[in-house]
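Computation of the quantities below employed the complete heavy-atom set of this structure, encompassing side-chain atoms and omitting hydrogens, waters and symmetry-equivalent molecules. Since this is a predicted model, take the numbers as computed values, not measurements.
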Amino acid sequence: MHWIKWLSIGFISIILALAVTLVVVMRSSLPDLGGALDSPHLSAVSTLSRDTLGQAIINAKNRTDAAFTLGIAHAQDRLTQMDLQRRVAAGELAEWLGEKLIDVDKRARFHQFRKRADVVYRELDSEQKALLEAYTRGVNQVIDELSVPPFEYVLTGFSPARWTPQDSILVVFSMYMDLQLGQVELDMARTGVARYFGQPMLEFLTQPSPYQSALDVSVIPPKDISIPELNIQTADAHQTFEEPLDIGSNNWAVTGTLTRTGSAMLANDMHLGLRVPIIWYRTQLNYIHESHDVQLTGVSLPGLPGIVVGTNGFIAWGFTNSNLDNVDWIALSESTKTHTIIEKISIDNDEYEYKLEMSEFGPVRTVDNKRYALSWVAHYPYAVNLRIADLDTPQSVDDALEVAGTMAIPAQNFVVVDGQGNAAWTPGGAVTARSTPTLRAIAEAKWDDSWGQNERDLPIIKNPPKNRIWTANSRVISAEQMSRFGDGGYALGARAKQIEQRLHEKQQFNEQDFYAIQLDNKAQFLTPWHQHLLALLQSKQDKYHEDIETLENWQACACESSVGYTLVRRYRSSIVDALFSPIFSKLTENEIDPAQLYRQLEPALWQLLEQQPKSWLPVGQSSWQSFLLSRYDITKDKLFKKHGTRSLMDLTWGKVNTLRVAHPFAKQMPFMAKYLNMDEVAGYGDSYMPAVQLPTFGASQRFFVQPKHLEKAIMTIPGGQSGHPLSPFYKTGFDDYANQRSTPLLPGPVEHTLTLKPAG
């Protein structure tokens with residue numbers, strides 16, 4: 001049997017040799033962070049430095065030179081991420097990553113963003129084109145000089161294509177998909193509910209939230225809505241649905257009357273999927289523009305020039321998804337003429353043809369033999385521009401609001417503060433001028449040709465009477481303005497309400513006070529559910545005595561050690577799943593995604609629990625009490641099975657909700673997962689509270705700043721600067737995030753400097 005021994009030794013030797021080869025190849029692909037680089041695309045010498053976190057510090061003569069240098073930095077550290085972002089929007093993933101992604105590409109091709117990027121680019125003014133072209137030249141200088149590409153390309157045998165200005169526009173379209181594609185699905189889901197279950201069911205499922213927190217404190221009163229009948233006769237009507245990620249963000253501000261310095265103060269945390277590398281890139285840009293000495297510090301988005309969220313020292317700004325209604329599905333008549341175009345998807349040296357039906361209103365989708373055309377802001381030329389770059393020079397909130405009125409990005413709650421103590425909010429970004437939003441598909445006759453225009457008359461709130469501003473994806477506009485701007489899928493409002501309450505607990509704030517609000521994980525939203533579940537189990541005290549004791553000690557927070565929180569949270573999800581599954585199943589059966597309906601179900605859910613109508617009892621259940629107890633048992637059994645235990649004490653929220661920030665290639669390379677992924681972190685926070693955190697989702701940055709007082713400003717990010725696993729900056733910064741420490745916004749000591757010189 002000696003041959004087995006030698007075979008094993010040989011196999012191990014091959015593995016070691018491959019590992020050594022991989023490390024050598026990966027080291028060869030590390031960028032040069034020091035020395036000098038010549039380029040014919042610069043007007044003067046610029047420098048690209050990295051501090052101890054790897055933050056890019058750029059010093060350039062002007063804005064276009066700064067954009068070129070940022071293109072160098074992004075391509076050195078994040079080329080793979082940039083490539084994925086443009087391909088996601090263009091529907092070109094299968095060309096790189098294989099046939100399994102054809103369906104993903106088809107869903108993207110429906111929107112034809114590659115063609116729309118050409119249209120957007122042609123309509124940009126010369127200044128914006130120059131900015132994109134300078135950035136593109138920087139990216140391509142890195143691509144052209146690659147001796148070894150990033151390891152993801154080596155593993156897949158693929159080469160990165162050169163960058164184009166249109167690719168940067170595609171990166172913005174990828175953010176439209178992340179932030180607003182849910183609106184597209186929500187309008188169709190609402191249409192499906194009305195179609196299959198009637199208008200009364202739609203009204204029942206979309207009742208006004210009990211957690212309203214608009215800035216003008218206006219309230220949409222609850223409606224007297226009867227519970228519609230729901231008679232489902234078959235046991236297979238129940239299909240399990242996972243609760244979707246509640247895409248959103250928090251930001252808030254106080255005016256200078258509530259700070260010691262007299263400067264206003266801003267907090268911002270954008271909630272997105274968390275992966276390696278993290279979406280944002282720490283950046284400081286220094287240059288001269290229009291006779292202004294500019295210093296911009298914040299986060300940029302690889303693939304785009306400029307700063308997305310940050311400060312120029314005089315003002316600071318941040319964003320959350322506004323959820324104004326920017327979508328219409330148009331129900332086409334049988335006689336409406338359409339035409340077909342062919343989208344060709346490249347894959348493995350072959351092409352897959354995707355036929356797309358088009359109408360005068362937009363691309364057409366057929367649902368259960370009924371055709372619907374889509375009008376969406378993202379499909380119009382006014383959807384994208386580079387005007388966010390103009391936030392580099394404003395020195396007051398009023399100046400910044402003028403810029404916000406010109407920006408074309410996915411519509412956001414733009415909150416801005418200045419060093420003079422002013423704070424303001426407005427919906428910044430592209431908003432359709434169509435004036436009659438609806439919850440469901442409209443008839444062709446009701447389509448408004450003002451869809452082709454961007455709305456400029458948007459509400460503004462500046463220095464409100466109580467000196468506080470807050471947004472968290474729920475309704476911010478007044479109840480009166482709802483008829484004009486509509487409901488594009490507002491969050492329930494529990495997060496916003498909790499932030500509003502915390503902001504009224506003090507009369508003076510500093511950066512650490514704001515950090516404490518962002519980390520607030522009190523379970524205010526789940527408290528009624530806790531009371532409900534505790535009362536339910538107490539009706540069977542002998543059977544559930546351990547569970548009752550656990551619930552009585554739940555700590556009323558999404559805390560690491562809380563088992564009671566786990567039980568309450570998962571029980572609620574189980575009830576939602578069971579009660580609404582017949583509706584969701586019917587929608588899914590007709591290829592309609594019901595996920596976005598989850599946001600507004602809470603009023604209907606409590607109405608069902610309080611009135612307990614027989615027609616809503618799932619098949620096989622004799623009473624509501626037996627149904628609710630059975631759902632609790634199912635909840636607990638699923639938790640036990642998933643976590644490999646039979647002990648309640650093993651179901652702490654920290655374990656059940658563990659944060660896992662992973663590299664997208666880690667599953668294909670499990671032997672490298674330890675090195676590719678960030679360290680796992682015990683869960684802290686959840687949905688429906690300011691401290692938002694799920695296993696792969698949460699605050700993509702934590703930002704607290706007072707303009708003119710940046711020495712205390714904070715920018716904490718859940719990942720490192722570089723996407724290269726062997727870079728010293730691959731994980732820098734994550735430890736601060738995991739341990740809720742304050743990472744300074746301003747750069748630290750410089751460790752590397754690359755000098756860029758004009759060629760010749």
(request) Determine which pairs satisfy side chain to side chain donor-acceptor pair (under 3.5 Å) with at least one residue from residues 412-422, sequence neighbours left out, and list them in order. (result) Thr320-Asn413, Asn321-Gln412, Asn413-Trp425, Asp418-Asn422, Asn422-Asn463
(request) Taking salt bridge (charged side-chain N to carboxylate O under 4.0 Å, His left out) as the test, write out the residues that go with Asp390, two or more places apart. (result) Arg63, Arg387
(message) Parallel, tilted or perpendicular, judged at 30° and 60°: which one describes the rings of Phe414 and Phe319?
(response) tilted
(request) Test the Arg702-Tyr737 pair against the cation-pi criterion, namely NZ or CZ under 6.0 angstrom from the six-membered ring centroid and within 45° of the ring axis. (result) yes
(request) Please determine, by modelled atom types, if Asn677 and Arg660 share a side-chain donor-acceptor pair under 3.5 angstrom. (result) no
(request) Verify whether one side chain among Arg495 and Asn250 offers a donor that lies under 3.5 Å from an acceptor in the other. (result) yes
(request) Could you list the residues that satisfy side chain to side chain contact (heavy atoms under 4.5 Å, CB included) with Pro305, not counting sequence neighbours? (result) Ala67, Leu131, Leu132, Tyr135, Leu386
(message) Quick check for you: to the nearest 0.5 Å, what is the distance between Gln180 atom CD and Asn326 atom CG?
(response) 5.5 Å
(message) Less than 3.5 Å apart, any donor N or O on the side chain of Ser396 or Asp398 sitting next to an acceptor on the other?
(response) no
(message) Can you give me the closest heavy-atom contact between Leu274 and Ala699, atom names plus distance?
(response) CD2-O, 4.1 Å
(request) Any chance you could lay out the side-chain hydrogen bond (donor to acceptor under 3.5 Å, both in side chains) test for Gln212 and Arg475, step after step, and finish with the verdict? (result) CA-CA 7 Å; Gln212 298 181 51; Arg475 177 177 63 87; 2.7 Å; yes
(request) Check whether the side chains of Glu511 and Gln706 place a donor and an acceptor atom closer than 3.5 Å, and report yes or no. (result) yes
(request) Any chance you could lay out the side-chain contact (heavy atoms from CB on, under 4.5 Å) test for Asp392 and Glu290, step after step, and finish with the verdict? (result) CA-CA 10 Å; Asp392 57 355; Glu290 297 178 347; over 6 Å; no
(request) Using a strict cut-off of less than 4.0 Å between a Lys/Arg side-chain nitrogen and an Asp/Glu carboxylate oxygen, indicate whether Asp487 and Arg599 qualify as a salt bridge. (result) no
(message) Is it the case that over 12 heavy atoms from other parts of the model lie below 6.0 angstrom from the CZ atom of Arg741?
(response) yes
(message) Restricting to side chain to side chain contact (heavy atoms under 4.5 Å, CB included), what partner residues turn up for Ile288, sequence neighbours left out?
(response) Asp293
(request) Show the numbers, then the answer: is there a side-chain contact (heavy atoms from CB on, under 4.5 Å) between Phe703 and Met715? (result) CA-CA 5 Å; Phe703 181 40; Met715 178 70 80; 3.4 Å; yes
(request) Mind listing the closest non-hydrogen atom pair of Leu401 and Ala424 along with its distance? (result) CD1-CB, 4.0 Å
(request) Could you tell me whether a side-chain N or O of Ser174 sits under 3.5 Å from a main-chain N or O of Ala89, the two making a donor and an acceptor? (result) no
(request) Apply side chain to side chain contact (heavy atoms under 4.5 Å, CB included) to Thr257 and list each qualifying residue two or more places apart in sequence or on a separate chain. (result) Thr255, Asn467
(request) Report yes or no: does Tyr490 contribute a side-chain atom to a donor-acceptor pair with the main-chain N or O of Val476 at less than 3.5 Å? (result) no
(request) Examine the side chains of Gln85 and Arg78 and answer whether a donor and an acceptor come within less than 3.5 Å of each other. (result) no
(request) For Ser727, check side chain to side chain contact (heavy atoms under 4.5 Å, CB included) against everything at least two apart and list the hits. (result) Leu30, Ser722, His724, Phe729
(request) Anything under 30° is parallel, anything over 60° is perpendicular, the rest tilted; go ahead and classify Tyr287 against His289. (result) perpendicular
